[in-house]
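I have placed the structure first, in the form of structure tokens, so that the comments after it can refer back to it.
Here the structure is a predicted model, which is why all the values come from computation and not from measurement. So that the names make sense, note that chain A is the first sequence line, chain B the second, and so on, each numbered from 1.
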2 protein chains.
Amino acid sequence: MAKKVTMSELARLAKVDISTVSRALNDSPLVKPHTKEAILKIADEIGYTVNVAARNLRKQSSEAIGIVIPLAPGSEQTISDPFFLEMVGSVSHAASQNGYDLIVSVPQDEMKIAERRLLRSGRADGLIVIGQAGRTERLNAMSASNSNIVVWGGAHGEQNYTLVGSDNVKGGKLATSHLLSLGRKNILFLGDVSLPEVDLRYEGYVKAHNDASMAYDPDYILKLNFGGQSAFNGVLKFIDEGFVFDGIFAASDVLAMAAIHALQSRGKSIPEDVSIVGYDNIGQAQLSTPPLTTINQNITQGGAMMVDLLLAKIAGKPAPSKFTDTELIIRKSCGGVG
Amino acid sequence: MAKKVTMSELARLAKVDISTVSRALNDSPLVKPHTKEAILKIADEIGYTVNVAARNLRKQSSEAIGIVIPLAPGSEQTISDPFFLEMVGSVSHAASQNGYDLIVSVPQDEMKIAERRLLRSGRADGLIVIGQAGRTERLNAMSASNSNIVVWGGAHGEQNYTLVGSDNVKGGKLATSHLLSLGRKNILFLGDVSLPEVDLRYEGYVKAHNDASMAYDPDYILKLNFGGQSAFNGVLKFIDEGFVFDGIFAASDVLAMAAIHALQSRGKSIPEDVSIVGYDNIGQAQLSTPPLTTINQNITQGGAMMVDLLLAKIAGKPAPSKFTDTELIIRKSCGGVG
DNA sequence: TGGCTCTCTGAAATCGATTGTATTTTAGCC
DNA sequence: GGCTAAAATACAATCGATTTCAGAGAGCCA
């Protein structure tokens, strides 16, 4: 165990007061350059590192932000979902670029606990919350009592907190229009439309049909949570019950990949028999067979946006909600009708 | 911004000394049950949360652990690699189960910085390091000066730090033996054998051949880093140069999936023409087409193991290195010879 | 009732830094 | 050289908790 080396130890070695050491380390102009150099040299030699607990206590800040991933209760989705994980990676990168640490929290219980544990305890200066399923009110309350919160989710107009997300309606429309333009007529929607974001993607699905003056069957929705397994089974059942379809728009890439799988296991080929579009553009999307056409949520951009907005809030500056660039990525899981 | 409520505020309201409040909140037997209840009730009402900076400063601990993901310099691998991300998820889960926070660090620079920033600064009580490529010496040094480190990697016998990982030799042998038992004779190895872990997997590959009295061609190695793109290109090139092979053992699932892809784009079918085994068992492995036969590293178990061992170390107890359960998961990417 | 033990609570030191204020040193100028 | 202003450093309070030690009060026994 490395014996701890404190600032007063460093001060003693440099034969100056501890306050001078503090200023020197923080590059204050109050310290004579010559003295500063000497102190920094010694600090480096003895491997001094400031004690953040003391620093945070005095400065009343933590130089850390928290990312909270509250899993939708009852959903199969786990932290192992690639979308969440990529989001953690992206936020982690953006945070460290800004010199902030990232604390990951996957609350088992109520989100209120996570807020207390991270924000009010002073552990983090701000919070990024991924997903808002059924928590709009709580998020509004949290945001009212402490404004340093940025949320990833879909814009429903009932939020008074800063929101970042893809343009879900646009994304849904892009995906569906693409399928329609390929000549697909019976498009199955995969996703639980009672979830925020997913409802907006379905709204885009409807709009695309209307814009193209095409009819859509409201029964062509498989209300699936985000788990791959339930999607696999759901699609199999849908096929086996005799429903006919030639296109699928899935509310996530994991669902889309599970659907591809289910179709293939029933002897259908993609994209000849059924064209498929996913949503998210997770890393694995381009490695699926066939590579998946999908809506790019731009997770990397989104993570950076959230961190930027959060730091702006922490600094007391305005932080308006934003969309990430939302675009269609065309790969081989879509093809025109024979 | 919620106005901060401190312990002395709480003490004032409860008409007791702050020291009594502290004891009450920490459930000390020194406080009369009646008093304790009253204090807890008020604390709950005003939403008091202990200030961790003050607490950590006084207790000289942080109740947090750090996970460091030093990307191999020069490798294509990014934090978005599913293996790393799943590891973060797994460690995060295990940490929170034990009441610890998890701080994610993806050092851009030298790992020494991360160690300083997290450990010596008192931000974290211990560190989990994922991967040891080219850092054995530094890790040994870190471990010598502060023993609260657990590393994920391959056992080469030159480490004096606590190591957790899959049994890479066994895994490589299981994978290769399986391919040989299916009648495959020319097995391509995908992976950079100059990396730790990968070399051990190749060692297993060699052993399996020896055990089966089969010859192997030392040229059948594609020295790929972990990036999917380079694997895709590498395999294409290998095919186009006229090399003949009927099996692939890839050092990671991402590589295996990229290989499947490359083969399919050259008109080969899996598993009829080529049997493929991956390594890791990431979540997407079962959703690939065909589903991927792979070696399960048991990431979930590994994360829990590392956290357990790290907390043991922090508590001053012994923490011996361990293997996770390493097993072959048979899916459809392997098939016998026609 | 006096003395003693046993509970419980309060006072005060402490963790390691930052920062406002006081004080010393240096520099500039006639 | 002596005076003042400016620059550099030292002093001391402070952040919010934990914990040691001391003391107050209650209960018990003779």
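- Going from atom CG of A:Leu25 over to atom P of C:dT18 covers 7 Å, rounded to whole Å.
- Between the CG atom of A:Leu57 and the P atom of D:dT18 there is a distance of 12 Å, given to the nearest Å.
- Proximity note for B:Ser22 (side chain, C-beta onward) versus D:dT19, C:dT19, C:dG16: the nearest is D:dT19.
- Residue B:Asp17 has its side chain nearest to C:dA11 when only C:dA11, D:dG16, C:dT9 are considered.
- Of the listed nucleotides (C:dT18, D:dT9, D:dT18), D:dT9 has the atom at the smallest distance from the side chain of A:Thr35.
- Atom P of nucleotide D:dT18 and atom CD of B:Glu63 are separated by 11 Å, given to the nearest angstrom.
- As a whole-Å value, the separation of B:Leu10 CG from D:dT18 C1' is 15 Å.
- Residue B:Asp125 comes nearest to B:Asn148 through the heavy atom pair O-ND2, 3.2 Å, listed as atom of the first residue, atom of the second, then distance.
- In this structure the side chain of B:Thr324 reaches within 4.5 angstrom of the side chain of B:Val164, judged on heavy atoms.
- Across all strands shown, B:Asn26 has heavy atoms under 4.0 Å from sugar-phosphate atoms exclusively, and none from any base.
- Distances were taken from every side-chain heavy atom of B:Lys59 (C-beta onward) to each of C:dT19, C:dT9, D:dT18; the shortest belongs to D:dT18.
- Nearest-nucleotide positions on DNA chain D place A:Val16 closer to the 5' end than the other of B:Arg58 and A:Val16.
- Residues B:Asp17 and B:Ser19 bring a donor and an acceptor atom of their side chains to less than 3.5 Å of each other.
- When the C1' atom of C:dG16 is taken as reference, atom CZ of B:Arg123 falls 15 Å away, rounded to whole Å.
- Below the 3.5 angstrom threshold, one finds no donor paired with an acceptor across the side chain of A:Arg55 and the base of C:dT18.
- D:dA10 atom P lies 12 Å from atom NZ of A:Lys15, rounded to whole Å.
- In this structure, A:Gln60 reaches the D:dG16 phosphate: one of its side-chain N or O atoms is under 4.0 Å from OP1 or OP2.
- Note on A:Thr6: only backbone sugar-phosphate atoms sit closer than 4.0 angstrom, heavy atoms only; bases stay farther off.
- Here C:dT26 presents its P atom at 7 Å from NZ of A:Lys32, a figure rounded to the nearest Å.
- B:Tyr48 has no side-chain polar atom (N or O) that falls below the 4.0 Å cut-off from OP1 or OP2 of D:dG16.
- B:Val21 comes within 4.0 angstrom of nothing in the nucleic acid, heavy atoms only.
- The distance from atom CG of B:Leu30 to atom C1' of D:dC21 is 12 Å, rounded to the nearest whole Å.
- We find that A:Lys41 and A:Glu45 are joined by a salt bridge, their nearest charged nitrogen and carboxylate oxygen being less than 4.0 Å apart.
- Of the side-chain N and O atoms in B:Thr20, one or more sit less than 4.0 angstrom from OP1 or OP2 of C:dG10.
- Contact annotation for B:Val31: backbone-only contact, meaning every heavy-atom pair under 4.0 Å involves sugar-phosphate atoms and none involves a base.
- Judged purely by distance below 3.5 Å, without hydrogens or angles, the side chains of B:Asn56 and B:Ser62 never pair a donor atom with an acceptor atom.
- Using a 4.5 Å cut-off on side-chain heavy atoms (C-beta onward), A:Arg23 and A:Lys36 make no contact.
- Checking C:dT18, D:dA17, C:dA17 against every side-chain atom of B:Ile18, the shortest atom distance belongs to D:dA17.
- Taking the side chain of B:Met7 as heavy atoms from C-beta on, and the options D:dA17, C:dA17, C:dG10, the nearest nucleotide is D:dA17.
- With hydrogens and angles ignored, a donor-acceptor pair under 3.5 angstrom links the side chain of B:Arg23 to the base of D:dT20.
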